[in-house]
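Working notes, structure below.
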Amino acid sequence: MYESNYPKKRYENTLSFLQKHVNTSETILDLGVVNPFTHIMKKHGYRVKNTQGEDLDLDYSAVSSSDASVVTAFEIFEHMLAPFNVLKEIKASKLVASVPLKLWFASAYRSKTDPRDRHYHEFESWQFDWLLEKAGWNIIDSKKWTHPVNKIGVRPILRRFTPRYYIVYAERSTP
């Protein structure tokens with residue numbers, strides 16, 4: 001997927017945020033199949049297990065049976081119809097998750113050839129916060145960043161200063 005278009009800035013920001021909040025001695029369940037960022041986490045000393053590509057809208061077994069202390073979800077929830085359900089099933093006490101933010105000047109992403117590569121949600125930060133809080137998570141820290149592209153036009157100019165990604169560190173609320 002990223003052979004010719006490696007998202008260097010996103011990966012650097014994500015790794016920096018992860019290192020700020022998660023110790024390498026903790027175990028991680030990463031929602032989504034093994035991907036280039038999985039290898040980056042492992043290279044930096046994290047013990048990571050990924051889900052296997054199951055439809056997390058319907059099958060929570062990998063999440064509910066995991067004994068990992070941290071769950072990570074990088075660019076996953078926007079592909080789900082109902083991320084609330086899997087967020088409620090997480091047993092870990094820590095969550096690090098990122099989502100693409102809704103851009104007022106661009107439509108939601110949709111691959112015409114791969115039905116799994118589509119965004120059902122593109123969040124505003126307050127919507128993602130609300131989703132997490134309603135699912136029982138307390139947001140401890142968050143960060144936004146832009147995703148500039150090297151193209152000419154109005155939208156590329158807007159991408160230079162409009163945040164595109166949002167990442168949060170949250171801990172499970174106590175009942």
Side-chain angles (χ1 to χ4, degrees), residues 1-15 17-18 22 28-42 46 48-66 68 70-92 94-137 139 142-147 149 155 159 162-170:
M1 179 174 188
Y2 293 119
E3 291 80 15
S4 63
N5 190 18
Y6 183 77
K8 185 174 191 241
K9 180 179 180 180
R10 178 168 54 117
Y11 284 178
E12 287 173 353
N13 285 337
T14 301
L15 180 62
F17 193 84
L18 182 69
V22 178
I28 296 174
L29 173 65
D30 186 32
L31 303 186
V33 297
V34 172
N35 60 76
F37 195 71
T38 304
H39 300 298
I40 291 169
M41 287 190 290
K42 287 181 177 182
Y46 289 100
V48 182
K49 180 181 177 188
N50 286 77
T51 55
Q52 302 300 306
E54 61 273 33
D55 185 340
L56 294 172
D57 275 318
L58 302 171
D59 181 359
Y60 321 125
S61 59
V63 174
S64 59
S65 66
S66 174
V70 180
V71 167
T72 56
F74 303 121
E75 324 311 310
I76 294 297
F77 294 131
E78 68 275 12
H79 298 277
M80 299 178 67
L81 298 179
F84 175 82
N85 297 321
V86 77
L87 283 164
K88 288 288 288 178
E89 292 294 322
I90 294 172
K91 304 293 185 251
K94 296 179 179 182
L95 173 70
V96 180
S98 62
V99 293
L101 292 171
K102 182 178 184 330
L103 298 174
W104 58 270
F105 53 85
S107 299
Y109 172 74
R110 182 179 90 167
S111 168
K112 293 185 184 337
T113 58
D114 183 354
R116 294 179 66 128
D117 190 20
R118 296 178 178 166
H119 292 183
Y120 186 78
H121 305 276
E122 286 191 347
F123 298 90
E124 292 184 35
S125 56
W126 71 266
Q127 291 171 306
F128 193 56
D129 292 351
W130 187 24
L131 171 66
L132 293 173
E133 290 164 4
K134 191 156 182 140
W137 295 94
I139 297 167
S142 64
K143 180 180 177 181
K144 295 179 186 178
W145 65 87
T146 61
H147 180 70
V149 294
R155 292 192 325 183
R159 287 181 186 273
T162 304
R164 177 60 171 153
Y165 293 103
Y166 182 55
I167 192 166
V168 301
Y169 167 67

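The shown structure was predicted, so the numbers you read here are calculated from the model rather than taken from an experiment. Numbering of residues begins at 1 and proceeds along the displayed sequence.
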We want to know whether [X] and [Y] form a side-chain donor-acceptor pair, criterion being a heavy-atom distance below 3.5 angstrom.
X    : Y    : result
D129 : Y166 : yes
S98  : E75  : yes
S125 : K144 : yes

Determine yes or no for a side-chain-to-main-chain donor-acceptor pair under 3.5 angstrom, with [X] supplying the side chain and [Y] the backbone.
X    : Y    : answer
E12  : R10  : no
S142 : I167 : no
T38  : N35  : yes
D57  : A82  : yes

Contacts of F74 that satisfy ring pair (Phe, Tyr, Trp, His ring centres under 6.0 Å) - sequence neighbours left out: F37
Could you please spell out the steps behind the side chain to side chain contact (heavy atoms under 4.5 Å, CB included) verdict for V71 and K91? CA-CA 9 Å; V71 167; K91 304 293 185 251; over 6 Å; no
For M80, the option from D55, V86, L31, N85 that meets side chain to side chain contact (heavy atoms under 4.5 Å, CB included): V86
Which heavy atom in [X] sits nearest to a heavy atom in [Y], and how many Å separate them?
X   : Y    : answer
A68 : A92  : O-CB, 3.3 Å
N13 : K143 : OD1-NZ, 3.6 Å
T51 : G32  : OG1-N, 2.6 Å

[X] side chain near [Y] side chain, heavy-atom distance below 4.5 Å:
X    : Y    : value
W145 : T14  : yes
P100 : Y165 : yes
L18  : Y169 : no
M41  : D30  : yes
V70  : L29  : no
F128 : V168 : yes
E89  : L87  : no
Y11  : L15  : no

Report the distance from atom CZ of F17 to atom OG1 of T72, rounding to the nearest 0.5 Å. 12.5 Å
Kindly compute the distance separating CH2 (W137) from CG (L95), expressed to the nearest 0.5 Å. 5.0 Å
Can you name the side chain to side chain donor-acceptor pair (under 3.5 Å) partners of E133, sequence neighbours left out? none
